[in-house]
Protein chains: 2
Amino acid sequence: MLPSPFNELDKNAYAAKTYDEGEFVFRQNDGPYSIYFLQTGIVQLERHTAHGDKVIIHRASEGQTFAEASLFSEAYHCDAVTITHSQIIVLQKSAILNAMRTNLHFAETLTARFAHQVQAYRHSLEIRSTRPAIERVYTAIAQGMLTSDVISLATEIGLTHEATYRALSELIAAGRIRKTARGKYSLA
Amino acid sequence: MLPSPFNELDKNAYAAKTYDEGEFVFRQNDGPYSIYFLQTGIVQLERHTAHGDKVIIHRASEGQTFAEASLFSEAYHCDAVTITHSQIIVLQKSAILNAMRTNLHFAETLTARFAHQVQAYRHSLEIRSTRPAIERVYTAIAQGMLTSDVISLATEIGLTHEATYRALSELIAAGRIRKTARGKYSLA
DNA sequence: TCCATTATATGATCGAAATCATATTTGAAC
DNA sequence: GTTCAAATATGATTTCGATCATATAATGGA
């Protein structure tokens, strides 16, 4: 349920909590006390500038952890607000830091998790910079990114699903991919 | 010169190397032996699919490290090719893993580095998804992202410099920002 | 089984940003 | 001081993808 290495933590190192839409999970300059695993829902991380402008830093979605960097800072640097009703596992910062210091395997697995996330985000940025859309979709198919449905893929690569469906049609017409089933495609 | 915590490594844990344009820094399925700090130049990470398509995973630019995730894998999963003549510091994987296991401070600083990179990439993805361009540029200015020149900012936020200059003009016309000097702007 | 919802798919239109072009300003190099 | 390159800036045009619309097929629940 919890992603590795957090599943190795002692049970009392974390607790499940539910939040209504619009609740604050934490506030800028608070704590930081915890990092978070979002089981269901959406949480938005926002910062307020000196001029009062709201800046959205990140939108966390289901299955993601957030506020990891607060493990290494003296305060949260943004607000976290639930956009929908959300179920969140709250992981004690102190417990994680302690596990990092006393459990070499935990420490290494956590570092690996972050390193792989860096890799994945770089990849995401790269594919989102691929233009035009037809090449972006082709690249995504070539990499086997169409694992669930086309709409999810579209979101992942930063296109509307309409643009993605159109690109898929054009790729078929050009003989570059084949349709193997409804919503399933493979390279020609 | 080397970003923290790599500057704490023993001198013989790394070595500077120069590569001509088009040279391979490493190849898919090799090693992995090392991670890399790119001092000057551009390095492209590419993968080849079963169908022979080249997929660009990431373009590393000056001042960045790359292939960090290979610390935790049994082989490089892509090729690294220099796009321009490049100066690279090659850091021994074994030395880094050793430092992680024997030096708690090194381990924690490395984990923090990755966590902060995750945070930065999430932020980058978020701002790049901000539409229209004028709001993206405003958000960037509000966050103080214009630290060097407009062209660099444009690249950072995923716009052409023309679009960025135009957005800046419109923001001035709308009274939302002020021009403080050539190429310098602040919130109105 | 029927109904509601979601995914798939394509058509039409529009607008935003890329592209191409050009001028000016500035700073660095010689 | 002059030259050259790079950054700043704006204009004209085009194109790509977003948006809005609509239809069908599949899926899950009552």
Side-chain angles (χ1 to χ4, degrees), chain A residues 40-42 59 61-62 84-85 124-141 144-186 188, chain B residues 40-42 59 61-62 84-85 124-141 144-186 188:
Chain A
T40 63
I42 301 172
R59 273 189 145 231
S61 51
E62 299 190 358
T84 63
H85 178 87
S124 183
L125 280 162
E126 187 61 45
I127 197 161
R128 283 161 187 263
S129 77
T130 305
R131 243 151 277 204
I134 192 169
E135 295 309 323
R136 195 185 308 179
V137 172
Y138 180 79
T139 301
I141 296 293
M145 291 179 70
L146 179 52
T147 48
S148 59
D149 56 52
V150 177
I151 294 181
S152 308
L153 177 70
T155 304
E156 262 184 82
I157 65 178
L159 288 175
T160 59
H161 58 94
E162 294 97 323
T164 305
Y165 280 121
R166 253 184 271 279
L168 288 168
S169 296
E170 285 162 33
L171 286 166
I172 291 168
R176 297 177 65 192
I177 63 171
R178 273 178 307 119
K179 182 172 178 172
T180 55
R182 180 183 157 88
K184 303 288 166 197
Y185 301 84
S186 72
Chain B
T40 63
I42 301 172
R59 270 187 148 234
S61 50
E62 299 190 358
T84 64
H85 178 87
S124 182
L125 280 162
E126 187 61 44
I127 197 162
R128 282 160 187 264
S129 77
T130 305
R131 242 150 279 203
I134 191 169
E135 294 309 323
R136 195 184 308 179
V137 172
Y138 180 80
T139 301
I141 296 294
M145 291 179 71
L146 179 51
T147 48
S148 59
D149 56 51
V150 177
I151 294 180
S152 308
L153 177 71
T155 304
E156 261 184 82
I157 64 178
L159 288 175
T160 59
H161 59 94
E162 295 97 323
T164 306
Y165 282 120
R166 253 184 270 279
L168 287 167
S169 296
E170 286 162 34
L171 286 167
I172 291 168
R176 297 176 66 190
I177 63 171
R178 274 178 306 120
K179 182 174 180 169
T180 55
R182 180 182 157 88
K184 302 288 165 195
Y185 301 85
S186 72

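Both backbone and side-chain heavy atoms feed into the values below; hydrogens, waters and symmetry mates do not. Lettering follows sequence order; numbering is per chain, from 1.
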Review point. Tell me: OH of Y165(A) to C1' of dT6(C), nearest whole Å?
Key: 10 Å
Check your understanding: Between R136(A) (side chain) and R128(A) (backbone), is there a donor-acceptor pair under 3.5 Å?
Key -> yes
Exercise for review: Please state how far atom CZ in R128(A) lies from atom C1' in dG17(D), giving the value in whole angstrom units.
Suggested key: 15 Å
Point to revise | Check: T40(A) main-chain N/O paired with E62(A) side-chain donor or acceptor under 3.5 Å | key: no
Exercise for review: Working to the nearest 0.5 Å, report the span between CG of L146(A) and NZ of K184(A).
Suggested key: 5.5 Å
Point to revise | Partner of R176(A) under side chain to side chain contact (heavy atoms under 4.5 Å, CB included), chosen from V137(A), I141(A), L171(A) | key: L171(A)
Review point. Can you name the nearest heavy-atom pair linking L153(A) to A140(A), along with the distance?
Key: CD1-CB, 4.0 Å
Revision key, fill the gap. In whole angstroms, the gap separating P of dA7(C) from NZ of K179(A) amounts to 16 Å
Review point. Side chain of T84(B), backbone of I42(B): donor and acceptor closer than 3.5 Å?
Key: yes
Review point. Whole Å only: how far is the CD1 atom of I151(A) from the C1' atom of dA25(D)?
Key: 13 Å
Practice item. Taking all heavy atoms of R182(A) and all of K179(A), pick out the closest pair and write down the distance. Key: CA-CE, 4.2 Å
Study note, to complete from the structure: Each nucleotide of nucleotides 13-28 of chain C classed B (base within 4.0 Å of a protein heavy atom), S (only sugar-phosphate) or -, in 5' to 3' order, makes ----SSBBB---BS--
Practice item. Take the C1' atoms of the five end pairs on each side of the helix from dT1(C)-dA30(D) to dC30(C)-dG1(D), get both axes, and report the angle to 10 degrees. Key: 60°
Side-chain donor-acceptor contacts of residues 154-168 of chain A below 3.5 Å, not counting sequence neighbours, with atom names and distances?
residue: T155(A); atom: OG1; partner: I151(A); partner atom: O; Å: 3.1
residue: T160(A); atom: OG1; partner: A163(A); partner atom: N; Å: 3.2
residue: T164(A); atom: OG1; partner: T160(A); partner atom: O; Å: 2.9

Exercise for review: Would you kindly give the NZ-to-P distance between K184(B) and dT8(D), to the nearest whole Å?
Suggested key: 8 Å
